[in-house]
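Structure first, commentary second.
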Amino acid sequence: MPELPEVETIVRGLEAAVVGRRILAVQVLLPKMALAPVGVQFAPALVGERIVGSRRRGKYAVLLLASGRRLVTSLRMTGRLIVGDEGDAPYPATHVSLRLEGGLRLSFADVRTFGRMRLVEPTEAWDAALGLEPLSRDFTPERFTAMLSGRTTPVKVFLLDQRRLVGIGNIYACEALWGARIRPSRPGKALTSPAIRRLRDAVVDVLARAIELRGTSIDDYVDADGLAGGFQNRLSVYGRAGEPCSRCERPIVRTVIAQRGTWWCRTCQR
DNA sequence: CCGCCGCCCTGCTTGC
DNA sequence: TGCAAGCAGGGCGGCG
């Protein structure tokens, strides 16, 4: 499931592979996957556009187009953005296919069809409801404290809420809480200021380390070249129920918080 | 505004 | 062994 580090890796791959190239043809195989503003047709609007940038916002991959429009992709759980050669066999479960200059093809594939590609007008504030980037300078202990104050929801649910902080999904929420030694069910407002500081640092640290290893590949995630990441070998708690905690040797447990599997250490996380 | 819930989907895992 | 139910989960809309 692509979270911030995985989308960042994909976006960097797209930067290298497709930025500067013109879109020559667009095929939409499953219409619900390709959204456009009212009165704009997705495929015709993209043909002839040049890709001028590749960015990430939260868990969204954003291709900047010469017209000022943007192609925003949400990968959800199983979505993939794959760069291949025009002559390759079609990538499995491809729903949108862009033929690019230079004999390349950019495929948006998703077996579960939860993901979406969305063409956004230059003036449209598509990300207005999204929260703070955790790797930005703005993510200070002071800001984090203000965000958490009065929050009754479990801190793990808070970390997953993209209206507050963006980019954190189930894997990195579990990992950051373990790193900060905080119990996932603690209400946000109950965190002490040292705990808030530890959690801020743990979020930044785990995301940065995961980007260095090009993301976590458990079931589905691959980068723009179709390659797996390496952070799955560095996970401390996620998916490791029954294994000993690397800090205290007590077994990692799995509980459920807000319908999400939650892995943590009952001994170290308070 | 806030919090909570159900839905969307398919493939893998689990359990009988 | 075979099959079906259950689970996985990010974002969004609806509801209180």
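In what follows, every chain begins at residue 1, and chains take the letters A, B, ... in the order their sequences are listed. When reading the values below, keep in mind they use all heavy atoms of this one structure, side chains included, and skip hydrogens, waters and symmetry mates.
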Please give, in whole Å, the distance from B/dC8 C1' to A/R116 CZ? 8 Å
Whole angstrom is fine here: how far is it from CD in A/Q259 over to P in C/dA8? 11 Å
Between B/dG3 and A/T152, is there an OP1 or OP2 to side-chain N/O distance shorter than 4.0 Å? yes
Under a 3.5 Å distance rule, please check whether A/R69 uses its side chain to pair with a backbone N or O of A/A66 as donor and acceptor. no
Separation of atom CZ in A/R164 from atom P in B/dC2, rounded to whole Å: 5 Å
Please determine whether a side-chain nitrogen or oxygen atom of A/K59 lies at a distance below 4.0 Å from atom OP1 or OP2 of C/dG10. no
For A/Y60, answer base if it contacts any base atom (sugar-phosphate contacts may also be present), sugar-phosphate if it contacts only those atoms, and nothing otherwise; contact means non-hydrogen atoms under 4.0 Å. sugar-phosphate
I want to check a possible cation-pi pair here: A/R209 against A/F231, using under 6.0 Å from ring centre and within 45° of the ring axis as the test. no
Quick one: A/Q162 CD to C/dG11 P, roughly how many Å, whole number? 4 Å
Could you give the CZ-to-C1' distance, from A/R76 to B/dC9, as a whole number of Å? 11 Å
Show the nearest heavy-atom pair for residues A/I23 and A/L46, with the distance to one decimal. CB-O, 3.6 Å
Indicate whether any N or O donor in one side chain lies under 3.5 Å from an N or O acceptor in the other, for A/Q232 and A/Y221. no
Could you pick out which residue, A/R260 or A/D161, lies toward the 5' side of DNA chain B when each is mapped onto its nearest nucleotide? A/D161
Once you round it to whole Å, what is the distance between C1' of C/dG10 and CG of A/D127? 17 Å
Do the charged groups of A/R56 and A/E133 touch, with an N to O distance under 4.0 Å? yes
Does A/R163 contact C/dG11 through a side-chain donor or acceptor facing the base, at a distance under 3.5 Å? no
Under 4.0 angstrom, heavy atoms only, what part of the nucleic acid is A/Y221 near: base, sugar-phosphate, or nothing? nothing
Assign A/G115 to base, sugar-phosphate, or nothing according to its heavy-atom contacts below 4.0 angstrom with the strands shown. nothing
Round to the nearest Å and state the distance from A/M147 atom CE to B/dC1 atom P. 15 Å
With heavy atoms under 4.0 Å as the rule, sort A/T78 into base, sugar-phosphate or nothing. nothing
How many whole angstroms separate atom CE of A/M77 from atom P of C/dC7? 16 Å
Taking the minimum atom-to-atom distance to the side chain of A/T153, which one of B/dC9, B/dG3, C/dG11 wins? B/dG3
Rounded distance [0.5 Å steps], CZ in A/R200 versus CZ in A/F139: 6.0 Å
From the list C/dG10, B/dC2, B/dC8, which nucleotide is the closest neighbour of the side chain of A/K32? B/dC8
What nucleotide among B/dT10, C/dC12, B/dC9 has an atom nearest to a side-chain atom of A/V111? B/dT10
The side chain of A/R254 lies closest to which of these nucleotides: B/dC9, C/dA8, B/dC2? C/dA8
Does the structure show a Watson-Crick or G-U wobble partner for B/dG6, both distances under 3.5 Å? Name it, or say none. C/dC12
